[in-house]
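Have a look at the structure below, then the notes.
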There are 2 protein chains.
Amino acid sequence: MVNKTTTQDKILDAAEQLFASTGFADTSLRQITGMAQVNLAAVNYHFGSKKELIQSVLQRYLSVLMPRLDQEFSQLLACQKQNDLTAVLSVFIKPLLELNKVQHHGTRMFLQLLGRGYTDVQGHLRWFFNHHYGRTLDKFVLLVQQACPDLPASEIFWRLHFSLGTVVFTMASNQALQEIAAADFNENVEIEGVIHRLIPYLAAGIASPLTLSGQTH
Amino acid sequence: MVNKTTTQDKILDAAEQLFASTGFADTSLRQITGMAQVNLAAVNYHFGSKKELIQSVLQRYLSVLMPRLDQEFSQLLACQKQNDLTAVLSVFIKPLLELNKVQHHGTRMFLQLLGRGYTDVQGHLRWFFNHHYGRTLDKFVLLVQQACPDLPASEIFWRLHFSLGTVVFTMASNQALQEIAAADFNENVEIEGVIHRLIPYLAAGIASPLTLSGQTH
DNA sequence: GTACATTTCAAACAAGTGTTTTAATTTAGT
DNA sequence: ACTAAATTAAAACACTTGTTTGAAATGTAC
C-alpha cells in the first residue's frame with residue numbers, strides 16, 4: 001500500500017487540468033470524476049461543493065506561492081534603498097517557477113488557473129483571494145509606489161490593473177499563444193521565456209511618463 | 001405605428017446589455033427574452049441559435065467600426081512617412097468613440113462585449129472575427145512594425161498580445177474598475193478617460209527596448 | 001470477530017439549458 | 001374580403017448541470 005494517491009488528490013489533479021484548459025464554468029463534475037476514475041458523489045463528499053473544489057485547487061498553489069512572495073516583498077520593503085521597478089517585478093520569477101516543484105506542470109498550470117479565475121466571472125474567487133492574501137498584495141502596491149514616486153496613486157491603480165490584464169490574459173491563452181509562436185516564428189518558448197518577455201513590457205508600461213494632454217475632464 | 005422597434009431589435013438590445021454585464025455563457029435566452037418582453041422562441045426564429053445571436057450583437061458594432069478603422073489604417077499606410085507608435089494607436093480613438101452614435105452606451109458596451117468575447121472561451125467568435133476582419137488587422141500589425149523597425153516580428157507578436165490582454169481585461173472589468181476608482185480616488189473617469197490612459201501605457205510597453213538578458217533558451 | 005465510523009457507489013432529484021413543435025395570431029398582397 | 005405568408009405564443013422536448021439519498025463496501029479499534 002505504498003504511494004497511494006487518495007481520492008481527494010485524484011480529484012484535485014483531474015480538476016486542475018480540466019479547469020486550466022476548459023475554464024471553471026465549462027468543466028462539469030462528471031468530466032472531473034470521469035478523468036479521476038472516481039465516483040461522482042465523491043466531490044461533494046470530500047469538498048462540499050464545486051465552489052469549494054475550485055478554491056481547493058487554487059489553494060494548493062497559493063498556500064505555497066503567497067507566503068514566499070510576502071517574504072520577498074517584506075525583505076525589499078525593509079532595505080530602504082529605492083528599488084527600480086524591474087527589480088520589484090522580478091521578485092515574482094523565482095517563486096513562480098518553484099511551483100514546478102509542487103506539481104509536474106505547476107507554474108504553467110497555476111498561471112493558467114489564475115487567468116481563468118479572473119476571466120471567468122467567479123465572484124467568490126476574487127473574494128477568496130483578497131480575503132486570504134490582500135495584505136501581501138498591499139505590500140506589492142507599496143513597492144511599486146516607491147519605485148514610481150512621480151506617479152499619483154490613481155494612475156498606479158489603473159496601470160497595475162492594465163498589467164493584471166496582460167498577465168491574466170496571457171496566461172489564460174498561454175497555450176494557444178505558444179502554439180502560434182511555434183508555428184509562425186519557429187520559436188519554442190516555455191513559460192519561463194514568456195515571463196522574461198513580460199517583465200520589461202510591464203515595467204515600461206507602468207513607468208511610462210505622464211501625458212497631460214487629451215484628458216477632456 | 002411610428003417608431004416601432006422590431007422584435008429583432010428588442011432582442012438585440014436586451015442581449016447586448018446582459019451579455020456585457022454577465023458574459024455570453026452565463027446569460028440564458030430566457031433572461032434575454034424576459035427583458036426584451038418577447039417570446040422565448042423568437043430568438044431561434046429570428047437568429048437561428050444563441051451562437052448566431054451573439055455574433056449578431058457584435059456585428060452591429062463591428063460593421064460600423066471595422067470599415068472605419070480599415071480606412072484609417074490604409075490612409076496611414078499610404079503616406080510614406082514613418083508613423084510614431086502613439087499616432088498609430090490613437091487611430092482607434094475616434095472610431096471607437098463614434099460608436100456612441102449607433103447606440104446609447106455604444107462605446108462602453110461594445111468594448112465590454114469585446115472583452116467578454118475574448119475571455120469567455122467562445123471559439124466561434126475568434127473565428128468569426130478573423131474571418132471577417134483579418135485583413136484589417138493585418139494592416140494594423142504592419143503599421144506597428146513600421147513604427148518599431150528595431151523589433152523582430154516575433155517580439156511584436158508577443159507584445160501585441162500582451163496589449164490585447166490589457167485592453168480586453170480592462171474593458172471586461174471596466175465597470176468594476178470605474179467604481180473602485182470613483183470610491184478610492186474620488187475620480188470619475190468615463191470610457192474616454194480610460195482610453196486616454198491606456199494609449200501611453202500600451203505605447204510604452206510595445207516600444208520598450210529589447211533586453212538581451214535572462215533568456216535561457 | 002464484533003461494532004463502529006469512514007468511504008464508495010448507483011440511482012434519483014430538482015432545476016436549468018437551448019431548441020423544436022404545433023397551433024394561434026397578425027400582417028401583407030391582390 | 002379573402003388568401004397566403006410571416007410572425008408570435010405556449011408547451012413540450014431532450015439534455016446537462018450540481019447536489020442528495022440510502023444502501024453497500026471498506027477500514028479501524030477494541
Carefully, step by step, assess A:Ser163 and B:Tyr201 under the rule side-chain hydrogen bond (donor to acceptor under 3.5 Å, both in side chains). CA-CA 9 Å; A:Ser163 303; B:Tyr201 172 91; 2.7 Å; yes
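Under the rule for a side chain to side chain donor-acceptor pair (under 3.5 Å), B:Thr170 has no partner lying at least two apart in sequence or in another chain. Residues that satisfy the ring-ring contact (aromatic ring centres under 6.0 Å, His included) test with A:Phe140, not counting sequence neighbours, are A:Phe73, A:Phe92. Considering only residues two or more places apart in sequence or on other chains, B:Lys94 meets the salt bridge (Lys or Arg N to Asp or Glu O under 4.0 Å) condition with none of them. Partners of B:Ser208 by side chain to side chain donor-acceptor pair (under 3.5 Å), not counting sequence neighbours, listed by chain and number: B:Arg159. Residues forming a ring-ring contact (aromatic ring centres under 6.0 Å, His included) with A:His161 (at least two apart in sequence, or on another chain): A:Phe157. Checked against salt bridge (Lys or Arg N to Asp or Glu O under 4.0 Å), A:Glu187 has the following partners two or more places apart in sequence or in another chain: A:Arg197. For A:Ser56, there are no side chain to side chain donor-acceptor pair (under 3.5 Å) partners two or more places apart in sequence or in a different chain.
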Counting primed atoms plus P, OP1 and OP2 as sugar-phosphate and everything else as base, spell out the protein contacts along nucleotides 14-25 of chain C at 4.0 Å heavy-atom distance: B, S or - for each nucleotide, 5' to 3'. ---BBBB-----
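In terms of phosphate contacts, B:His46 brings a side-chain nitrogen or oxygen within less than 4.0 Å of OP1 or OP2 of D:dT8. Between D:dT8 and B:Thr7, a contact under 4.0 Å exists linking OP1 or OP2 to a side-chain N or O.
Residue pairs meeting the salt bridge (charged side-chain N to carboxylate O under 4.0 Å, His left out) criterion with at least one partner in residues 39-49 of chain B, sequence neighbours excluded, do not occur; the list is empty. Among pairs with a residue in residues 63-72 of chain A, those fulfilling side-chain hydrogen bond (donor to acceptor under 3.5 Å, both in side chains) read A:Arg68-A:Glu72, A:Arg68-A:Glu98, A:Asp70-A:Thr136, A:Asp70-A:Lys139, at least two apart in sequence or across chains.
Between its opening and closing five pairs, the helix from C:dG1-D:dC30 to C:dT30-D:dA1 changes axis direction by 10°, a value rounded to 10 degrees.
Note: CG (A:Asn39) to C1' (C:dC9) measures 5 Å, nearest angstrom.
Only at 4.0 angstrom or more do the heavy atoms of residues 9-16 of chain A sit from any atom of DNA chain C, so none qualifies.
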